[in-house]
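Okay, structure first, notes after.
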Amino acid sequence: MKSLSVNVLDKSDEEFADTLIDLALKRNVAKVLTYLKNVKEVTSRDLEMGSDCGSPKSALQCANLRNLAG
């Protein structure tokens with residue numbers, strides 16, 4: 001699969017992630033959610049790089065998010 005242009009979290013995104021962390025989300029979950037709010041589609045590699053989470057961590061967080069969504 002072709003990699004899309006990778007977005008990176010800017011200062012306002014970091015503040016958003018910090019707010020989610022303050023609301024008791026784990027750091028990796030907050031970073032993944034923050035990254036996902038900025039893109040329409042993403043590869044796992046882009047998610048790993050853009051959310052600043054390692055590959056196993058981002059995969060685990062995505063699985064957790066899928067479980068939360070039902």
Tyr35 vs Val8, side chain to side chain contact (heavy atoms under 4.5 Å, CB included): CA-CA, chis, key distance, verdict: CA-CA 8 Å; Tyr35 182 82; Val8 293; over 6 Å; no

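Remark: Leu36 CG to Glu41 CD distance equals 12.0 Å, nearest 0.5 Å. Of the inter-residue distances, the one linking Asp46 atom CG with Ser51 atom OG reads 10.0 Å to the nearest 0.5 angstrom.
With sequence neighbours excluded, no residue forms a side-chain hydrogen bond (donor to acceptor under 3.5 Å, both in side chains) with Asp18. With sequence neighbours left out, the salt bridge (Lys or Arg N to Asp or Glu O under 4.0 Å) criterion links Lys11 to no other residue.
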Donor-acceptor contacts, no H, no angles, side chain residues 20-34, under 3.5 Å, sequence neighbours left out:
{"from": "Lys31", "atom 1": "NZ", "to": "Glu14", "atom 2": "OE1", "distance (Å)": "3.0"}
{"from": "Lys31", "atom 1": "NZ", "to": "Glu14", "atom 2": "OE2", "distance (Å)": "3.1"}
{"from": "Thr34", "atom 1": "OG1", "to": "Ala30", "atom 2": "O", "distance (Å)": "2.7"}

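Residue Val42 comes nearest to Val39 through the heavy atom pair CB-CG2, 4.1 Å, listed as atom of the first residue, atom of the second, then distance.
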